[in-house]
Enquirer: 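My questions all concern the structure below.
Because only heavy atoms are used, hydrogens play no part in the values below, and waters and symmetry mates are left out as well, while side chains stay in. This structure is a prediction, so every number in the text was calculated from the model and none was measured. Every chain is numbered from 1, with letters handed out A, B, ... down the list of sequences.
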Amino acid sequence: MRWVVHADDGGAGRLAPLAEAEGEAEGDRGGVAAGDGVARAGAAAAFGVGEVRRVADLCSAIRELEAREGPRWIWADTAKIYPDLLRAGVRVARCHDVVLVDEILAAREGLFGAPRTLGAAYARLHDLPVPDVGRLGAATEAAGAEGPLQEALFEPDDTGLPAEVDPLSALIEVYQAQLTVLDSAAAPALRLLAAAESAGALAAAEMTHAGLPLDPRLHAENLTELLGPQPAYGGPATRPAKLQDLAERLGEAIGSPTLNPDSPAQVLKALSLAGLPAATTRAWELRRMEHPAVPLLLEYKELSRLYTANGWSWLRAWVRGGRFRPEYVVGGVVTGRWASRGGGALQLPAMVRKAVVSDPGWTFVVADAGQLEPRVLAAISGDRGLARAAQAEDLYTELGDVFGGDRSKAKLGLLGAMYGQTSGEVGLLLATLRRRFPAAIGYVDEAAKAGVEGRIVHTRLGRACPPPSARWNRLVSGSEGESRADQVRNSRGRFTRNFVVQGSAAEWALALIATLRGKLAGHSSELVFFLHDEVVLHCPQDEAEQVREAVTASAAEASRLVFGTTPVRFPLHLATVRCYADAK
DNA sequence: TTCCGTTGCGCG
DNA sequence: AAAGCGCGCAACGGAA
């Protein structure tokens with residue numbers, strides 16, 4: 001069963017059932033495994049729209065229908081509607097996110113950067129100019145002292161539709177058109193991608209709702225220990241004591257007492273005056289130098305980073321009630337990876353993870369996919385040799401014999417192949433890899449060639465990379481010289497080379513998330529963090545074992561869904577820990 | 001004052 | 001300057 005939904009303001013809304021088309025067995029709607037979230041979107045045959053129901057309390061209506069029918073919900077934008085449902089205590093199993101799917105389909109037509117709105121999807125369908133609403137929709141304003149403001153229930157969202165178009169009708173129309181495309185034989189896996197992306201959107205909202213447990217007192221203690229007491233709030237900008245002290249000692253040591261270490265330009269000048277010429281002030285370059293000022297500078301940079309990125313202001317802005325609640329942007333990266341907004345969620349440094357502690361009686365299950373990208377390369381390229389190595393727990397060790405038992409060479413070479421590194425020693429390793437694993441290296445080489453030539457590449461499930469920009473075309477045609485043209489050509493080659501691997505890996509992770517949230521439905525345990533190839537679950541201690549099994553099963557299911565039958569294994573590293581920092 | 005490109009570093 | 005991908009964020013510093 002499917003219901004199409006549009007939220008009006010004030011908590012009201014409209015719903016309509018979509019009748020199954022002739023010959024469409026309700027049975028296969030469930031697809032993979034009923035309720036697991038990766039079930040296929042409905043078949044494309046024309047459907048009938050049942051009677052439109054107008055309700056004053058949309059949350060309640062959805063709650064009841066979910067309990068009674070467990071339908072797939074067809075709505076414009078999960079990120080806009082689902083948080084309010086979650087706050088009302090309503091969870092749903094399955095949805096079809098029309099704007100996310102539209103973004104995927106638009107990308108396949110070479111269209112990027114349109115706003116994520118129903119209006120944009122509608123405009124595309126009707127060859128109308130795309131309305132210019134915020135690219136990422138209504139962003140939550142970060143967080144001054146008051147923190148994010150609670151918005152009214154179902155804010156009248158700016159759909160960007162022409163005034164005369166009824167949003168519910170537009171939704172149905174766009175959805176119908178999407179099903180037609182998804183059902184075309186060209187890329188059957190697109191249906192899976194659409195379902196997984198939609199399930200991901202549900203998981204993202206649920207994770208934001210749950211939040212990552214983080215003990216603010218513990219984090220503040222850690223800050224004080226490293227930086228000194230918190231500087232007075234509101235006064236003149238002052239560094240924490242230990243940071244200030246370090247800055248002063250550094251100034252002395254380098255012979256520029258007034259040096260501001262936060263200014264790369266000043267640091268460069270001071271280094272030069274101290275007889276330490278450097279091109280940049282990057283840490284790796286500094287580390288090569290022998291000078292008493294260098295360790296001070298490196299220490300300053302590290303602590304300063306902690307202070308500015310995850311210091312007391314970060315804590316005030318992003319941690320509420322013992323939970324860190326970042327906003328995830330599903331498909332926010334061109335490759336299909338998620339991005340995040342606010343609080344630097346996907347860069348949570350090790351120091352902060354020390355304060356990520358489970359509730360009393362609860363624990364974390366942390367699962368990360370080891371060596372995901374080389375395994376994905378083995379799977380998508382069908383390279384038999386690499387696939388054989390990818391059956392092992394440690395792929396790089398298995399590959400070591402290719403390089404005289406040197407695991408690190410295997411790792412360097414393979415990463416270089418996926419990123420397009422050609423310089424130095426890695427270039428030589430690559431030649432060896434190409435000989436031993438011609439299909440795998442050939443696969444990424446071909447993707448790179450396509451990129452250099454301005455062509456499009458696709459991920460395993462059919463997500464398209466962006467076409468060359470106008471600027472790229474201009475530069476490639478030699479407007480700034482042949483070497484510049486080569487440079488931008490090769491740069492795009494590295495991008496497309498990596499796109500096919502990173503993007504397909506993102507699809508595996510998405511399928512895992514989608515499957516896993518299905519398995520966890522009805523349990524206390526919940527997903528609280530997702531980081532590209534790693535998930536964190538917060539669960540009652542006595543559910544931990546069950547959760548570990550659920551993650552393991554989900555990883556296997558993700559492999560099957562995305563890659564079909566492949567000899568490649570995708571082993572998980574599992575850790576059951578009270579503190580995130582202990583998951584190694 | 002505000003805007004914006006650059007720099008550098010955190011994560012995968 | 002080197003030449004390995006994708007991000008978000010904060011600070012700097014020059015331009016508007």
Side-chain angles (χ1 to χ4, degrees), chain A residues 136 139 142-143 237 239 260-268 277-286 297-298 300-311 313-314 317-318 326-329 331-353 368-374 376-377 411-427 429-430 444 447-448 451 457 459 463 465-466 483-484 486-506 508-509 529-535 580:
Chain A
L136 292 172
R239 295 190 181 101
N260 173 10
D262 294 321
S263 163
Q266 285 187 38
V267 172
L268 229 43
T280 75
T281 64
R282 292 192 177 111
W284 62 264
E285 189 165 356
L286 297 174
L297 180 52
L298 289 170
Y300 178 88
K301 280 164 150 311
E302 198 177 329
L303 292 180
S304 164
R305 164 84 195 178
L306 175 65
Y307 174 55
T308 55
N310 299 101
S313 349
W314 175 83
W318 296 106
E327 202 177 334
Y328 297 93
V329 186
V333 178
V334 280
T335 58
R337 274 185 173 184
W338 292 9
S340 70
R341 207 166 23 217
L346 304 187
Q347 307 127 260
L348 207 67
M351 175 52 62
V352 181
R353 295 181 190 199
D368 77 280
Q371 308 160 340
L372 180 58
E373 294 196 348
V376 164
L377 174 57
K411 179 174 179 176
L412 234 55
L414 211 45
L415 288 175
M418 292 186 295
Y419 292 160
Q421 185 174 8
T422 52
S423 66
E425 191 200 6
V426 172
L429 301 177
L430 197 57
V444 281
V457 295
T459 59
R463 195 187 300 264
C465 80
S483 73
R484 179 82 178 121
D486 280 343
Q487 188 189 17
V488 300
R489 252 195 292 267
N490 292 334
S491 167
R492 185 161 193 277
R494 290 192 299 277
F495 166 64
T496 50
R497 170 189 293 272
N498 186 250
F499 181 92
V500 294
V501 179
Q502 187 184 114
S504 301
W508 180 88
F529 200 54
F530 172 48
L531 195 51
H532 307 314
D533 62 358
E534 175 176 342
V535 291
Y580 189 15

Enquirer: List the residues meeting side-chain contact (heavy atoms from CB on, under 4.5 Å) with Ala506(A), not counting sequence neighbours, and say none if there are none.
Expert: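 Listed in chain order: Arg337(A).
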Enquirer: Could you encode protein contacts along nucleotides 4-12 of chain B as a string, one character per nucleotide from 5' to 3', using B for base contact, S for sugar-phosphate-only contact and - for no contact, with a heavy-atom cut-off of under 4.0 Å?
Expert: ---SBBBBB
Enquirer: Which part of the nucleic acid does Ser340(A) contact within heavy-atom distance under 4.0 Å: base, sugar-phosphate only, or nothing?
Expert: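 Sugar-phosphate, backbone atoms only, no base.
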Enquirer: Using the P atom on both, measure dC4(B) against dA3(C) and round to a whole Å.
Expert: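 33 Å, rounded to whole Å.
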Enquirer: Going 5' to 3' along DNA chain C, between which two nucleotides do contacts with chain A fall, using a heavy-atom cut-off of 4.0 Å?
Expert: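 In short, chain A contacts DNA chain C from dA1(C) to dG13(C).
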Enquirer: Among all residues two or more places apart in sequence or in another chain, which pass the side-chain hydrogen bond (donor to acceptor under 3.5 Å, both in side chains) test with Tyr300(A)?
Expert: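 Partners of Tyr300(A) under the side-chain hydrogen bond (donor to acceptor under 3.5 Å, both in side chains) test: Arg239(A), Asp262(A).
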Enquirer: Looking at residues at least two apart in the chain, or sitting in another chain, which of them share a side-chain hydrogen bond (donor to acceptor under 3.5 Å, both in side chains) with Arg463(A)?
Expert: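 Arg463(A): side-chain hydrogen bond (donor to acceptor under 3.5 Å, both in side chains) contacts with Glu197(A).
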Enquirer: Applying a 4.0 Å non-hydrogen cut-off, can you work out what Leu415(A) is touching in the nucleic acid: base, sugar-phosphate, or nothing?
Expert: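 If one applies the 4.0 Å heavy-atom cut-off, Leu415(A) turns out to touch a base.
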Enquirer: With sequence neighbours left out, write down each residue that passes side-chain contact (heavy atoms from CB on, under 4.5 Å) with Ser263(A), or none if nothing qualifies.
Expert: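 side-chain contact (heavy atoms from CB on, under 4.5 Å) check on Ser263(A) returns Asn260(A), Ala265(A), Gln266(A).
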Enquirer: Give Asn490(A) one of three labels, base, sugar-phosphate or nothing, depending on what nucleic acid heavy atoms sit under 4.0 Å from its own.
Expert: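 Asn490(A): no heavy atom of the nucleic acid under 4.0 Å.
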Enquirer: Only counting residues at least two apart or in another chain, list the ones meeting salt bridge (charged side-chain N to carboxylate O under 4.0 Å, His left out) with Glu534(A).
Expert: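 Salt bridge (charged side-chain N to carboxylate O under 4.0 Å, His left out) list for Glu534(A), sorted by chain: empty.
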Enquirer: Enumerate the residue pairs fulfilling salt bridge (charged side-chain N to carboxylate O under 4.0 Å, His left out) with a member in residues 493-505 of chain A, sequence neighbours excluded, ordered by first and then second residue.
Expert: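 Qualifying pairs: Asp445(A)-Arg497(A).
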Enquirer: Taking the P atom in each of dG4(C) and dG5(B), what is the distance between them to the nearest angstrom?
Expert: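 It works out to 26 Å between them.
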Enquirer: Tell me every residue that passes salt bridge (charged side-chain N to carboxylate O under 4.0 Å, His left out) with Arg489(A), counting only those two or more places apart in sequence or in another chain.
Expert: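 Arg489(A) satisfies salt bridge (charged side-chain N to carboxylate O under 4.0 Å, His left out) with Glu482(A), Asp486(A) once adjacent residues are dropped.
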Enquirer: The criterion is ring-ring contact (aromatic ring centres under 6.0 Å, His included); which residues satisfy it with Trp338(A), sequence neighbours excluded?
Expert: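 Only Tyr328(A), Phe530(A) meet the ring-ring contact (aromatic ring centres under 6.0 Å, His included) criterion with Trp338(A).
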Enquirer: Any base atoms under 4.0 Å from Val334(A), or only sugar-phosphate, or nothing? Heavy atoms, all strands.
Expert: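 If one applies the 4.0 Å heavy-atom cut-off, Val334(A) turns out to touch the sugar-phosphate alone, with no base involved.
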Enquirer: Please tell me if the side chains of Pro261(A) and Lys301(A) come closer than 4.5 Å, counting only heavy atoms from C-beta onward.
Expert: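 Not in contact.
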Enquirer: Taking the side chain as everything from C-beta on, heavy atoms only, tell me whether Asn310(A) gets closer than 4.5 Å to Met351(A).
Expert: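 No, side chains not in contact.
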Enquirer: Find which nucleotide of DNA chain C each of Gln266(A) and Met418(A) is nearest to by heavy atoms, and output the residue with the more 5' nucleotide.
Expert: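 With Gln266(A) and Met418(A) compared, the 5'-side residue is Met418(A).
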Enquirer: Let me have DNA chain C in dot-bracket notation, would you? Count Watson-Crick plus G-U wobble pairs, both distances under 3.5 Å, and use [ ] for pairs crossing earlier ones and | for inter-strand partners.
Expert: ....||||||||||||
Enquirer: Could you name each residue pair satisfying side-chain hydrogen bond (donor to acceptor under 3.5 Å, both in side chains) that touches residues 277-286 of chain A, not counting sequence neighbours?
Expert: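 Qualifying pairs, neighbours excluded: Thr280(A)-Glu285(A).
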Enquirer: NA contact type, Ser304(A), heavy-atom cut-off 4.0 Å: base, sugar-phosphate, or nothing?
Expert: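 Nothing: the residue Ser304(A), judged by heavy atoms under 4.0 Å, touches no strand.
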